[in-house]
Each structure stands twice: as C-alpha cells, then as structure tokens.
Student: 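Right, I'll just put the structure down here and ask away after.
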Amino acid sequence: MKKYQALFTIRFSSGLQYRAAALGGIATQFAWGFMELLAFLAFYKANPGAYPMEFSQTVSYIWLQQAFLALFMTWFYEQDIFETITSGAVAYELVRPIDLYNRWFCHSAANRLARAVLRCFPILLVAFIVPEPLRMSLPPDLGQFGLFMISVPLSLGVVVAFTMLVYISVFFTLSPIGVRIVAALLADFLAGGIVPLPFFPDVVRGVVEILPFAAMQNMPLRIYSGHISGAAAVRGLFLQAFWFVILVVLGKLWMKLALRRAVVQGG
Amino acid sequence: MIELKGISKSFRVAKREAGLKEAVKALFARQHETVHALQDVSFTIGDGEMVGYIGPNGAGKSTTIKIMCGILHPDSGGCVINGRVPWRDRVAHVRDIGVVFGQRSQLWWDVPVADSFALLKDIYKVSDADYRRSLSELTELLDLKELLKTPARSLSLGQRMRCELAASLIHDPKILFLDEPTIGLDAVSKIAVRQFIKKLNQERGTTVILTTHDMQDIEALTERIILIGKGRILLDGSLQELKRRSASQKRITFEYNGPEPSLPAGTKVIERGPHRLVIELEKEWLSVSEAIAQISAQVDVVDISVTGMSAEEMVAQLYREYAL
Amino acid sequence: MLYLKFVSIHLKSQMQYKTSFFLTILGQFLASFTALLGVWFMFERFPEVEGFTFPEVLLCVATVLLAFSLAECFGRGLDQFPQLISNGMFDRILVRPRSAVFQVLTARIDFSRLGRFVQAVLVFAYAIPASGVQWSWDKILTLILMVVCGSIVFFCLFMVYAGFAFFFVEGLEFMNIFTDGGREFGRYPFAVYGEKVLKFLTYVIPLALFQYYPLLYLLDREQGLLFMLSPLGGLLFAVPAYLFWHLGLRRYVSTGS
C-alpha cells in the first residue's frame with residue numbers, strides 16, 4: 001500500500017506545480033458553467049412546465065460539473081501511458097515489482113485528484129455567492145450529502161476504470177487516436193456531460209440510465225442536487241459499485257491478455 | 001564582420017524546489033532570482049574567420065548566439081553584423097546568416113528532403129539559377145544524392161545533420177552559426193561534417209561560428225577560440241595560446257618488468273600499478289628523455305608512450321581554474 | 001505563391017498518415033455531432049427558445065461551426081503557438097527572412113480540422129431550406145459575410161491566444177472560453193444568454209456581430225443595412241488582435257522566453 005501512497009504523492013505534488021494553469025482552468029470552467037446555466041435558464045423561461053428538474057438542481061449540477069471536471073472528464077488521458085504502450089517500453093514497466101494495472105490506475109486517479117483539488121474550491125466559492133437564480137444551493141439534507149460523498153469516489157473509480165479500458169485497447173490497435181476519440185465522446189455524452197440525462201428523450205433515457213456511463217458524473221451530481229434521493233440514490237450507489245467492479249475485473253483480465261500477447265511478441 | 005561591444009543580458013527566473021511542501025508553498029508565493037547571462041561581452045570576428053565558441057553549459061553561449069541571430073535584444077551594449085544591428089533589421093540580417101541547431105531539425109519531418117530544400121528556396125527567395133548551382137554543389141560536397149528523396153524522419157542522425165547543413169546553406173549565407181553540429185554523431189559522420197565545414201570555410205569563405213562540447217571539433221576546425229564562463233569572456237585567442245596558458249605538462253606511461261622504480265625529481269605520479277606507471281612532469285625541471293633514462297636505468301621497460309594534455313583536458317582545467 | 005507551397009507540403013505530410021488523418025476527421029465530426037445531438041434533445045422538449053425554433057437555431061450552429069473550422073484549419077499554427085515556443089521552433093522562424101506571423105500561420109496547417117466543416121455543410125443543407133428564410137441575393141450575401149467574417153474573428157481570437165503565449169507559459173486555457181466556447185455557445189443565438197452577455201459579445205469580443213444580428217436579418221426580424229452588414233464590424237477586432245500579438249513579440253525578443 002505504501003508504494004501506491006508514494007506514487008500518489010509524487011503525482012499529486014507535480015500536479016500542484018502548475019499554478020497558472022490552474023488559475024486559467026478555474027477562470028475557464030467558471031465562465032463555461034456560467035454560459036451553460038444561462039442557456040438552460042433561457043429554456044426554463046421558455047417553458048417551465050417542460051423542464052425535467054428544478055432549475056436550482058440544474059444550477060448545482062452544472063457548478064459541480066465544472067468544479068470537479070478533472071475528476072469526471074472522459075476525454076482526459078495520460079499521454080505517457082499511450083506512449084509507453086505504443087513505443088514498446090511497456091516491457092520495462094513489467095520489470096518493476098508493482099502490478100501495472102494498479103500502477104496506471106493510481107497514476108490516473110492521483111492526477112485527476114490533484115487537478116480537481118486545486119480547482120474546485122475557488123469555483124464552488126464563487127458559485128455560492130453569485131446572485132440568484134444562478135447561486136448554488138446546499139444539498140437538501142445531511143444524509144443526501146453523505147450519499148454524494150460516497151458517490152464521488154465511486155464515480156471517479158468508474159471513470160478511471162473506463163479510461164483503463166481505452167489504454168488497454170491500444171495494445172491491440174497500436175494507435176490511440178481512433179478508439180480514444182470515439183470512446184471519450186460517447187462516454188461524455190452518455191454520462192450527461194453535454195446535456196444532463198433527465199433532458200434526454202424518454203425513449204432513450206430508459207436505456208441510458210442503466211449503462212456504466214450513468215455511473216459516472218451523472219450519479220453524484222444528481223444526488224447532490226436531490227434530483228435522485230432516498231432509495232433511488234442508494235440504488236444508484238449500488239449501480240456505481242456494480243459497474244466499478246465489472247469494469248475493473250474486465251480491465252484486469254484484458255490487461256493480462258494484452259501483456260501476454262506483448263511478451264510473446266517481444267513488445 | 002561581427003562586432004560585439006559590451007553586451008549584457010540578464011533574465012529573471014522562477015525558483016522551483018522539490019517536495020510536496022515546497023510545491024504547496026510555491027502555489028502562493030513564488031521566488032524569483034536574476035541570472036546574469038552575459039556581462040560586458042565584447043569581441044570582433046572578421047570575414048572568413050572560423051571561431052570556436054566554448055564554455056560549460058549555462059555559460060551564456062546560446063544567449064550570445066541568439067543575440068547575434070537577432071532573436072534576442074541585449075539589455076545594453078552594441079552588436080553590428082555586416083553593418084546591421086541584428087534585432088533591429090531582422091529580416092535583412094537573417095538573409096545573410098545560416099543557423100544549425102544541432103538538436104532541432106529545420107526540415108519538414110514527413111516529406112522528402114528535396115521538398116524541404118525547395119520550400120527553403122522560396123522562403124529565402126533564392127533565384128532558380130542560384131538554387132540549382134548551390135544545390136548541386138552541396139549535394140556533391142555532402143554526398144546527398146541518395147538522401148534527397150528520403151523523408152527526414154527516416155534519416156539516420158548523421159545523414160540528417162548533413163541535410164541540416166545543406167538546408168542552412170541553400171541561400172549561401174555569409175555567416176554560419178553552428179550549435180553543436182556533431183552532437184550524437186558516430187565517428188565517421190563527425191569527420192564528414194568537420195571536413196565539410198572546413199571546405200565550406202575555405203571555398204566559399206563563409207564565416208563560421210561554432211559552439212561545441214567536443215574539443216576534437218575545435219582542434220580539427222578552429223584557429224581561434226573564445227571561452228565564455230558565467231557570462232564573461234575568459235579567453236579569446238588561438239588554440240596554441242590556450243595550450244600555453246594551461247602550463248603544458250607531458251605525461252609518460254611506462255610498461256615494465258621488475259620492482260617498482262623510484263621517481264625522478266620533478267615528476268608526479270598519476271597512476272601506479274603492477275608493471276605500469278604513469279607520471280607527469282614539469283618541462284622546466286626535467287626533459288622527457290632524462291626522465292625516460294632515469295626510469296629505464298632501474299627497471300626493464302617494455303613500452304613507453306608520451307602524451308601532451310588533450311584540448312579536452314586543457315579546457316577542463318581552465319574551467320576548474322575559473323571555478324566554473 | 002509561398003502560402004500555397006506550405007499548403008502543399010502540409011498536405012503531403014498529413015497524407016503520410018492516412019489512417020490517423022481520417023480518424024481525426026471522424027473525431028472532429030463526432031465531437032460536433034454530440035453537441036448537435038444535445039441541441040436536438042433540448043428542442044425535442046422545448047419547441048423554441050427566445051423565439052427561435054430548431055431549424056433557425058441550426059442555421060446558427062452551421063454558421064458558427066463553418067466559420068470556426070475554417071479559422072482552425074488555417075490558423076492552427078496560432079492555436080499551437082505555445083508548443084512552437086516551447087520546442088524552439090519559434091526561434092527557427094525568427095532566423096528566416098519572412099514575417100513572423102506568416103511563418104507561424106504556415107507552421108501548421110491542419111486539414112483534419114475539416115471534419116467540422118463537413119458537419120457544418122450537412123447542417124446547412126438541412127437548415128437552409130428548413131429555416132423558412134425567404135432566400136434572396138442580399139440574404140445570401142449576408143450568410144456569406146457571416147461565415148467569412150466569423151472565421152476572421154475566430155482567427156483573431158487565435159492570434160490573441162498566441163499573443164498570450166508570449167507572456168505566460170501555462171494557464172492559457174482561459175482563452176478557450178472565447179475560441180472553443182465561442183463555437184460551443186454559438187450554437188444558440190447569443191441573445192439567449194441575456195443582455196449583458198450579448199453586449200459583451202458585441203462590443204468586446206465581437207462574436208455576436210457575425211451570429212445574432214445578421215441572423216435577425218435573415219429571419220426578417222430586423223431590416224436595415226446595419227443588421228445585414230454587421231459581420232463587417234467584427235473585422236475591426238483584427239486591429240487590437242494584431243497589436244497585441246506584436247506587443248508579445250517585442251517582449252519575446254527582449255526576454256527570450
């Protein structure tokens with residue numbers, strides 16, 4: 001466990017170095033959330049009856065999405081992992097006494113966490129003081145907040161486990177471009193990254209709600225705002241845990257297969 | 001003609017330290033320090049000269065080169081090259097110079113080298129006739145015929161350097177700046193590159209300014225060296241002068257049979273092993289022949305070799321002397 | 001012409017990697033497709049927003065996308081300028097006897113960016129008849145102006161972005177709000193975002209000049225030359241953009257970093 005901790009610290013502190021990058025990111029994400037909300041507000045005003053959630057719930061959803069973007073974005077990949085695979089340097093990685101899947105998993109999670117920690121507080125702070133109707137509200141009650149706190153790490157786990165599958169696929173395709181773009185875009189859309197899932201047409205929504213992508217940002221963001229609460233939220237957490245386990249097991253098995261292939265072919 | 005007078009330049013850089021604690025600290029307050037890259041640098045280089053510009057890493061070599069190329073303004077001091085101030089008259093100035101950065105390619109990576117050359121011809125507005133002449137001359141001198149149709153990415157390092165040299169010379173510049181042109185090359189390519197540079201200097205009369213860490217480049221090419229350290233010019237003179245400066249000691253290596261010999265006066269042991277002895281001697285004290293005579297009187301000498309200090313060692317010694 | 005020679009050398013280079021070239025085009029296409037899908041989902045639920053219907057909004061989507069993809073294809077060098085500085089390529093540019101801007105523009109010309117272009121053309125093909133606009137010569141001219149001036153404004157935004165790269169090594173992300181953001185948020189007529197945003201995007205960053213105002217003209221909500229020719233106003237943005245870039249360049253040659 002100690003080596004993972006060390007790995008985590010290194011990643012984390014090198015992530016902290018980029019102060020100006022963080023500032024730029026904060027400004028961008030704040031402005032981005034602001035514009036998104038204004039667009040949703042226009043739709044809300046056009047017909048409040050057709051709006052599938054409370055407007056304040058959309059506000060919490062969007063602000064949290066921007067604040068924790070680094071945790072949930074499906075289109076962020078570690079370039080060096082791709083390079084390790086395509087250049088064949090992965091053979092050297094196998095020499096180290098640490099499971100490669102765990103190592104990469106840890107590496108990605110730490111990097112996302114470092115970015116998110118730096119960026120989330122200023123964004124949230126501003127989100128809590130901007131004037132209504134764009135001001136972010138607290139979760140409905142403490143229990144709901146507790147569920148949210150469980151849901152966030154699960155969601156991070158699902159996202160990273162998903163990106164692991166994309167990394168591993170490169171062992172077979174040898175070019176990261178194709179799979180990466182398609183997977184990232186699809187996942188982002190189906191996770192509610194562009195439009196929250198409640199806005200999906202009902203026909204599509206039934207299916208989308210149970211896919212692994214719904215276990216990504218969709219779940220914690222809607223739990224916080226109270227759009228999913230009580231028993232439904234608990235069911236949501238189980239869905240997340242279920243997909244997390246499935247994706248990790250799938251990833252580990254596939255990795256094993258990929259490495260065996262890589263070793264046989266001599267990297 | 002290149003003339004630098006009292007050039008100074010300093011930079012402000014952020015300090016960065018290791019560790020999580022430092023990383024967090026730097027998040028809130030970042031410390032800066034001023035680095036004096038160049039201090040009162042002056043020299044003059046005549047047309048057709050070939051000069052080695054040497055110094056340890058971070059001594060200010062590339063800052064000087066950047067100033068001479070017009071990429072960088074100095075804080076103070078003047079620089080006139082062929083009657084122009086480089087940074088004030090950039091476009092006109094760079095038409096007259098060629099630059100090779102040893103570690104960065106100027107060729108378009110994925111197209112045949114010939115296409116890169118053709119594009120450079122248009123960038124430099126070289127006339128068709130001049131281009132044909134220049135290209136055929138360079139092709140012959142650098143033996144490029146086989147390489148022209150190859151994309152730059154598939155060239156070996158040595159091949160690429162030959163193409164880089166040609167690329168910098170298509171517009172027949174009066175001055176050529178070479179930044180580590182032999183770095184990473186194998187022995188054969190190094191020699192080829194050196195021969196070419198020498199020929200270029202002799203035949204076209206191109207002024208060549210060469211920065212390098214490879215003292216063999218210097219020995220093979222330049223009469224004059226300028227040594228820079230910590231932003232100041234430490235020495236500007238010939239290689240011979242450098243040799244005189246570094247109190248040229250001789251080294252003698254003996255391979256012998258028998259017991260260890262005692263040392264003649266005025267010598268210093270560099271290495272002592274079973275049947276092997278390396279000594280260094282001060283010329284004023286003892287001549288080489290006397291030393292050999294004294295040793296061979298004591299033991300049965302199998303082999304002897306006498307060496308002077310290599311340029312490499314001399315420079316290393318100079319760096320030590322100036323505490324660089 | 002030298003520019004065309006650069007175009008040809010970049011085209012040749014990119015054709016060396018055909019698979020990745022076409023996959024990137026596909027990616028570009030898909031990226032704007034999911035955004036489009038989002039718009040469609042919203043209009044499935046709401047018949048109109050701020051008085052604009054789905055086909056009318058699509059006209060907006062297509063204009064902005066087309067303008068952006070053109071600017072991105074030819075202004076890619078500006079977009080990647082921070083890399084040009086950090087890998088030393090910019091020093092190489094400065095030792096060549098051509099204008100620095102020209103060389104930065106020609107350092108990268110990325111044809112795979114046309115993935116969005118294809119999408120924009122398809123959306124146009126649907127929206128031009130479906131939007132219910134009574135097309136006449138003046139309106140066709142307005143539409144062309146929207147696209148051309150729009151791409152120039154985006155181009156200028158890339159230039160400002162590159163200008164910032166002279167001052168900051170990192171943190172340039174915030175410019176994305178205007179470049180990528182302009183593209184993403186430009187899918188709805190800018191009035192949707194409220195009056196303050198509209199004013200900002202009219203007088204400070206003139207994105208609305210080639211999107212919202214001429215759209216009103218196309219849809220017969222407003223008459224008058226001012227609305228028809230408003231895209232031309234956006235061209236004024238080129239002046240501060242160029243000056244800013246120049247300021248950055250002067251700083252670069254005095255600090256070398």
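None of the values given here were measured: they were computed from a predicted structure. Letters A, B, ... mirror the listed sequences (proteins, then strands); counts begin at 1.
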Student: With ring centroids as reference points, do C/Y212 and C/Y193 lie under 6.0 angstrom apart?
Tutor: no

Student: Specify the closest pair of heavy atoms between A/G192 and A/L197, including all atoms of both residues, with the distance to one decimal.
Tutor: N-CD2, 3.8 Å

Student: Between C/R45, C/E44, C/E50, which shows the greatest number of heavy-atom pairs under 4.5 Å with chain A?
Tutor: C/R45

Student: Any ion pair linking A/R119 and C/E173 (charged N to carboxylate O, less than 4.0 Å)?
Tutor: yes

Student: Tell me, side chain or backbone of C/V192 under 4.5 Å from chain A's heavy atoms, or both, or neither?
Tutor: both

Student: I need the residue from A/A46, A/A27, A/P52, A/A184 with the largest number of non-hydrogen atom pairs under 4.5 Å to chain C.
Tutor: A/P52

Student: Are the aromatic rings of A/F43 and C/Y188 close, with centres under 6.0 Å apart?
Tutor: yes

Student: Take C/F117 and C/F124, measure what ring-ring contact (aromatic ring centres under 6.0 Å, His included) needs, and give me the verdict at the end.
Tutor: CA-CA 10 Å; C/F117 184 89; C/F124 260 132; 9.7 Å; no

Student: Heavy-atom pairs under 4.5 Å with chain A are the metric here; pick the option from C/L26, C/L23, C/I177 that has the most.
Tutor: C/I177

Student: Please classify the contact between A/Q29 and chain C as side chain, backbone, both or neither, with a heavy-atom cut-off of under 4.5 Å.
Tutor: side chain

Student: Distance check, rounded to the nearest 0.5 Å: A/F34 atom CZ versus A/I123 atom CD1?
Tutor: 14.0 Å

Student: Answer with side chain, backbone, both or neither: which region of A/I181 has an atom nearer than 4.5 Å to a non-hydrogen atom of chain C?
Tutor: side chain

Student: At a 4.5 Å cut-off on heavy atoms, which part of A/L185 comes close to chain C: side chain, backbone, both, or neither?
Tutor: both

Student: Could you tell me which of C/V197, C/L37, C/N176 has the largest number of non-hydrogen atom pairs under 4.5 Å with chain A?
Tutor: C/L37

Student: Please rank A/I194, A/L186, A/V204 by heavy-atom pairs under 4.5 Å with chain C and give me the top one.
Tutor: A/I194

Student: Count the heavy-atom pairs under 4.5 Å between each of A/F199, A/F40, A/W32, A/W75 and chain C, then report the option with the highest count.
Tutor: A/W32

Student: What is the distance from atom CD1 of A/I129 to atom CG of A/L124, rounded to the nearest 0.5 Å?
Tutor: 11.5 Å

